[in-house]
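As structure tokens, the structure follows; a few thoughts come after it.
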Amino acid sequence: MKNFIAKLSLFSCMLLFVINTNGQFSLTGQLRTRTEVRNGLGNLVPVGSKAATFTSQRTRLNFGYKWDKVTFGVSVQDVRVWGQDASSISPADGNRLMLHEGWAEVMLANKADTTFKFKLVDQLSIKIGRQELIYDDVRLIGNLDWLQQGRRHDMALLKMVHKGWQVDVGYAFNQNSDAFGITGTSYVPGNVPPYIKNSAGTLVPTPAGILPLTAGGSIANNSSKTGNPAFSNPASTNAATQDYKSFTSVYISRKFNQTKFSALFFNDNFGKYKIDSVTANGGYVYGRRFASAGSSDAFDYSGTSSRYTYGLMINHTIGNASGFGKIALQGAYYAQSGKDRDGVKLDAYHYTISGIYQKGKISFGPGYDVLSGNDAVNPSAKNNRFDPLYGTPHRHWGYMDYFYVGTGSPAGGLQNFYMKAKFTGNALSAGVDYHYFALHKDMKKADGTVISKGLGSEIDFLLNYNLNKFTNIELGYSFMKATTSMPFAKAQATTDAVADTYRRTGQWFYAMINIRPDFFYSKPVAIRQ
């Protein structure tokens with residue numbers, strides 16, 4: 001025992017020596033619990049339904065190391081709902097511990113460091129590994145931090161800073177396996193259910209390389225040649241549960257006095273597929289095939305459907321908060337072209353404009369967004385529905401997450417008129433947002449009747465309090481007043497009879513405690529002279 005303690009002490013001394021001489025370590029944590037009362041969050045709920053209540057938890061440990069030429073980061077997290085596991089689980093229950101981030105950034109050039117011979121740019125580095133990607137106001141590219149699981153990408157990111165310009169070039173390439181015997185670069189989307197009902201209604205294993213089709217896309221229904229893709233968790237509009245095969249991104253930004261300019265180009269590619277069927281236990285499993293079925297399968301699965309998203313954002317500030325006040329203006333326009341993940345030609349756009357006036361601790365202002373959609377009255381041969389990529393929709397289109405998250409969004413697109421007001425104190429902040437949502441293009445019922453474009457109003461109340469340096473408490477309450485068009489726009493109903501079974505109002509309350517300790521933090525101590 002004494003020998004063990006001696007070795008441990010020696011290791012600790014060596015670690016402290018390294019910390020004090022060669023680099024900088026950081027070790028932080030996060031424990032975030034969120035208790036929610038849901039009664040109409042994300043979608044309208046059936047008449048007579050009762051509220052759901054639960055607590056979810058994220059536990060995260062972040063380790064970092066920084067040296068002159070290398071920065072290293074690891075973030076390990078565990079996400080679960082209280083009560084999801086029995087108090088004593090078996091190995092068959094699995095686990096939800098995962099690597100959220102694991103990356104290293106290598107410095108390639110630094111003008112301030114005389115040991116680098118390359119002097120053409122101020123700084124140049126490459127960041128490799130699993131990492132979050134965050135740009136601007138996380139409208140299109142963000143870490144989705146509101147979701148307990150968050151979002152990350154397996155990728156390489158070349159980062160350059162020169163005379164105030166920031167240029168990032170990213171690249172990602174996804175595969176499902178590194179097993180021997182696998183040939184080609186075909187990529188099957190993730191989140192495919194391991195078992196599916198065949199056309200005869202018998203539960204069978206999902207054939208390899210196939211994304212099954214079922215009536216309505218539900219894994220509870222039988223496989224159908226004319227059905228929709230069936231995922232374990234239905235894919236949302238921003239690809240939350242269906243990964244790209246590869247992507248290339250370029251982000252450029254520069255600040256000129258009070259104006260920040262930024263440009264984004266994002267090319268994500270989705271694997272091509274063909275409709276196929278496999279006999280299984282007395283029935284057929286129909287699906288989209290993404291990988292070769294054998295030597296007789298001549299389809300080229302290496303091809304991709306390439307989607308291009310590009311645009312500009314400008315943020316400009318007038319005045320300052322201590323004088324007359326500060327006005328923060330924002331405008332952005334993004335277009336989408338190429339082909340969507342199903343190979344249909346794209347022609348879509350998104351623009352936003354807002355103005356926030358701030359005087360002291362008070363700020364308020366209006367805004368307006370448009371995300372283009374498909375017109376059911378005058379349809380085009382192209383897909384005109386804008387997909388807001390891999391951002392954080394929760395921040396922009398209402399806290400109740402009716403749009404561009406896991407519950408799907410209107411095929412007719414969205415208009416979002418809003419007004420926001422906020423008080424920001426030293427420890428306490430409070431805000432209220434009002435949204436009015438409407439379709440961008442017309443949608444129809446099953447009988448061909450065009451529905452009204454108005455979808456409803458949402459009010460979000462938010463209260464934040466910093467209990468201490470590491471602990472924040474957040475309370476939120478939201479209310480949705482929907483119109484009769486909402487269940488049609490959200491694909492919950494196609495007839496009036498079904499739409500009438502849904503309640504037009506929704507409420508949501510949550511209480512979140514966010515504890516983020518810095519384990520190397522030491523409280524400053526006053527020194528008596």
Side-chain angles (χ1 to χ4, degrees), residues 153-155 171-248 267-308 336-346 381-383 385 387 390:
H153 304 268
D154 297 325
M155 61 176 293
Y171 182 74
F173 183 81
N174 287 340
Q175 278 298 316
N176 297 104
S177 171
D178 64 350
F180 292 117
I182 291 179
T183 60
T185 59
S186 59
Y187 178 73
V188 183
N191 200 28
V192 175
Y195 294 92
I196 200 74
K197 288 182 179 178
N198 64 17
S199 57
T202 303
L203 194 66
V204 298
T206 302
I210 278 199
L211 173 61
L213 300 174
T214 65
S218 170
I219 59 175
N221 294 335
N222 294 353
S223 187
S224 167
K225 188 176 183 179
T226 57
N228 298 318
F231 291 98
S232 294
N233 293 304
S236 71
T237 53
N238 61 345
T241 51
Q242 183 180 353
D243 273 347
Y244 45 78
K245 181 174 178 179
S246 64
F247 81 67
T248 304
N267 162 219
D268 45 357
N269 304 299
F270 302 92
K272 289 185 176 179
Y273 60 82
K274 69 173 185 179
I275 302 300
D276 198 5
S277 63
V278 176
T279 56
N281 203 10
Y284 290 93
V285 174
Y286 299 97
R288 295 176 176 178
R289 175 170 288 283
F290 287 85
S292 176
S295 57
S296 61
D297 189 347
F299 189 85
D300 180 12
Y301 296 97
S302 62
T304 59
S305 296
S306 298
R307 181 172 65 176
Y308 305 98
Q336 253 169 8
S337 61
K339 294 182 178 180
D340 65 15
R341 68 194 63 178
D342 296 323
V344 180
K345 286 189 176 181
L346 265 171
K382 298 180 179 178
N383 181 1
R385 192 177 179 187
D387 186 332
Y390 311 97

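The structure displayed is predicted, hence computed values, not measured ones.
Note that OG of S302 and NZ of K245 are 6.0 Å apart. Values are rounded to the nearest 0.5 Å. I210 contributes atom CD1, which lies 12.0 Å from atom CZ of R288 (distance to the nearest 0.5 angstrom). For the atom pair OG1 (T304) and CG (N267), the distance works out to 8.0 Å, reported to the nearest 0.5 Å. Taken from OH in Y308 to CG in L346, the straight-line distance is 11.0 Å, to the nearest 0.5 Å. Rounded to the nearest 0.5 Å, atoms CG (D340) and CZ (F270) are 8.5 Å apart. Summarising the geometry, atom OG1 belonging to T214 is positioned 13.5 Å from atom OH belonging to Y286; distances are rounded to the nearest 0.5 Å.
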Stepwise side-chain contact (heavy atoms from CB on, under 4.5 Å) check, D387 with R341: CA-CA 11 Å; D387 186 332; R341 68 194 63 178; 3.5 Å; yes

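Proximity of N269 to Y244: side-chain heavy atoms (C-beta onward) are nowhere separated by under 4.5 Å. Counting heavy atoms from C-beta on, the side chains of S246 and N174 never come closer than 4.5 Å. Side-chain atoms of V204 and I196, non-hydrogen and from C-beta on, do get closer than 4.5 Å to each other. Between F299 and D276, every side-chain heavy-atom pair lies at or beyond the 4.5 Å cut-off. Using a 4.5 Å heavy-atom threshold, the side chains of K272 and D300 count as separate.
The two residues A172 and D154 have their closest heavy-atom pair at CB-O, 3.4 Å. Between P193 and P212, the shortest heavy-atom contact is CG-CG, 4.2 Å. Shortest non-hydrogen contact noted between S199 and N222 is O-ND2, 3.7 Å.
A distance-only check finds a donor-acceptor pair linking the side chain of S223 to the backbone of L213 [under 3.5 Å]. With hydrogens and angles disregarded, no donor-acceptor distance shorter than 3.5 Å links the side chain of K197 to the backbone of I219. When atom types are taken as modelled, the side chain of Q175 and the backbone of T185 share a donor-acceptor pair closer than 3.5 angstrom.
Ring orientation note: the planes of F290 and Y273 are tilted relative to one another, at an angle of 30° to 60°.
Counted within 6.0 Å of CZ on F173, heavy atoms from surrounding residues, nucleotides or ligands total more than 12; the atom is thus considered enclosed.
Between D297 and K274 there is a salt bridge, since a side-chain N of the basic residue sits under 4.0 Å from a carboxylate O of the acidic one.
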